[in-house]
Number of protein chains: 2
Amino acid sequence: MSTTRKTHLVHLAGELFAEKGFRATTVREIADAAGILSGSLYHHFDSKESIGEAILSEFLTDVLAGYRDVDADDPRAAIEKVVRASTATLGRHRAALTMLQRDWNYFSAQPRFAYLREAMHEIEQVWITLLERGKRDGQFRPDLDAKLTYRLLRDVLWMPTSWRQGEGGWQPEEVVDGFLRLLFDGITARNGSTTRN
Amino acid sequence: MSTTRKTHLVHLAGELFAEKGFRATTVREIADAAGILSGSLYHHFDSKESIGEAILSEFLTDVLAGYRDVDADDPRAAIEKVVRASTATLGRHRAALTMLQRDWNYFSAQPRFAYLREAMHEIEQVWITLLERGKRDGQFRPDLDAKLTYRLLRDVLWMPTSWRQGEGGWQPEEVVDGFLRLLFDGITARNGSTTRN
DNA sequence: GAGCGCCGAGCAAGCGTTTGGGTACCATGC
DNA sequence: GCATGGTACCCAAACGCTTGCTCGGCGCTC
């Protein structure tokens, strides 16, 4: 393990957060996973929240970085790319996802995590811009409520990450494919061939 | 107030559960909302969990009752009906929804809430049956993964309920309509008119 | 000997819950 | 009219436990 001890501890804590959420996980459980006593954690972190912050901030910068190099000129391709980039990113950040879902109220209420709200807003803007542009280009239905659609999409997109790994035996790619087909074409059968590809 | 005091307390607790989740809500907060001391709650309930159980069981019987009178012969109409029935039901059970989302691990781990797993499984069967039948009838795409689709749909369907009321200024009907359009037709624009209706 | 990593023990606060008692109300029987 | 008992509801205080966190000290390595 070439990484520093602190990084390792964050990783261990992340696995617990990913399954139980932030608040539901105790510092003693984290310490147990590391094979040390709970008090010894405070040699590395000044609080439990800093562990959470380390996980959340890394996730946010990562997902925003993945958004930066999408080609906004083709909204449909961009959406697909963003979706696929997201799932790839989200797989590496299951802890952050679970925390944002289960403990959002807890974090967003604290001034310390103000950057959290800002980053989430930035993410929302990327999606809405793409959806709106797709509407203008005629690629997407003109009556689409961009913000509403984003909220629905985001939550679906994030949801499978929180499903226990291997629960349904789905690979991440299967979920993305199923999701994208649902997103672009719905569940209704086409009267000829499929629209996609 | 014709209803009994106990019912009123469950309702008050439910409002707190709907916003903070079950575990994150303390019995003292519930008591404060009722204007009494925390210990006085135990004159009506033998534990905090029985309050949660009262909310959850009522929800489950309610949603399952809404499923019973759908016409399974027309899967597409049935799905739409189930979706609309769900949103109507879910609006009246925001507390149960939040609890199932945020505290599912907590409840499902306890043998006391075994009926919870069973009821959820029953709900899943209704959906899967409809989706599979729609596939056979040619109404839905034949390559649809019924179980995966159900999981995605359920989570989307439940999600808006947990959005703080009036957050985006959406009425429940707007959310359902947006959801149904997304579900049947996707976001892609049709080359003629819309498929729906 | 300096610094990193951890132990051992404990603290204050918060949690769900228990206990014993008190108050108001209402019906009953004399 | 008035004591009697029962019921519904709540208070005040505490209990045992868990929580996040503190702090002095010990061992190890470079």
Over how many whole Å does the gap from A:His8 atom NE2 to C:dC6 atom P extend?
11 Å
Reported CG-to-CZ distance for the pair A:Leu12 and A:Phe17, which is rounded to 0.5 angstrom:
11.0 Å
Using the test ring pair (Phe, Tyr, Trp, His ring centres under 6.0 Å), find all partners of B:Phe45 that sit at least two apart in sequence or belong to another chain.
none
State whether the side chain of A:Lys135 and the backbone N or O of A:Leu144 hold a donor-acceptor pair below 3.5 Å, judged by distance alone.
yes
Rounding to a whole Å, what distance do you find between B:Leu41:CG and C:dT19:P?
17 Å
OG1 (A:Thr89) and CG (A:Leu64) are apart, to the nearest 0.5 Å, by 10.0 Å
Outermost DNA chain D nucleotides near chain B [under 4.0 Å, heavy atoms]
D:dA8 to D:dA14
Global bending angle along the helix from C:dG1-D:dC30 to C:dC30-D:dG1, which compares the axes of five pairs at either end, to 10 degrees
10°
Around atom CD of A:Glu58, are there more than 12 heavy atoms from other residues, nucleotides or ligands closer than 6.0 Å?
no
Can I get a per-line list of side-chain donor-acceptor pairs under 3.5 Å for residues 36-44 of chain A, giving both atom names and the distance, sequence neighbours left out?
none

Please tell me if the side chains of B:Lys48 and B:Phe22 come closer than 4.5 Å, counting only heavy atoms from C-beta onward.
yes
Given DNA chain D, 5'-ward residue of the pair B:Ala34 and A:Glu49, judged by closest heavy atom
B:Ala34
Whether B:Thr4 side chain and B:Thr7 backbone form a donor-acceptor pair below 3.5 Å
no
Could I get a table of every N or O pair under 3.5 Å where one atom is in the protein and the other is in nucleotides 14-16 of chain C?
| unit_1 | atom_1 | unit_2 | atom_2 | d |
| --- | --- | --- | --- | --- |
| C:dG16 | OP1 | B:Thr25 | O | 3.4 |
| C:dG16 | OP1 | B:Lys48 | NZ | 2.9 |
| C:dG16 | OP2 | B:Val27 | N | 3.0 |
| C:dG16 | N7 | B:Arg28 | NH1 | 3.0 |
| C:dG16 | O6 | B:Arg28 | NH2 | 3.2 |

Could you check whether the rings of A:Trp127 and A:Tyr67 sit parallel, tilted or perpendicular, using 30° and 60° as the cut-offs?
perpendicular
All ring pair (Phe, Tyr, Trp, His ring centres under 6.0 Å) counterparts of A:His93, not counting sequence neighbours
A:Phe59
Please determine if a side-chain N or O atom of A:His43 lies less than 4.0 Å away from the OP1 or OP2 oxygen of C:dC6.
no
How many whole angstroms separate atom CD1 of A:Ile36 from atom P of C:dC7?
6 Å
Are A:Glu19 and B:Asn105 linked by a side-chain donor-acceptor pair shorter than 3.5 Å?
no
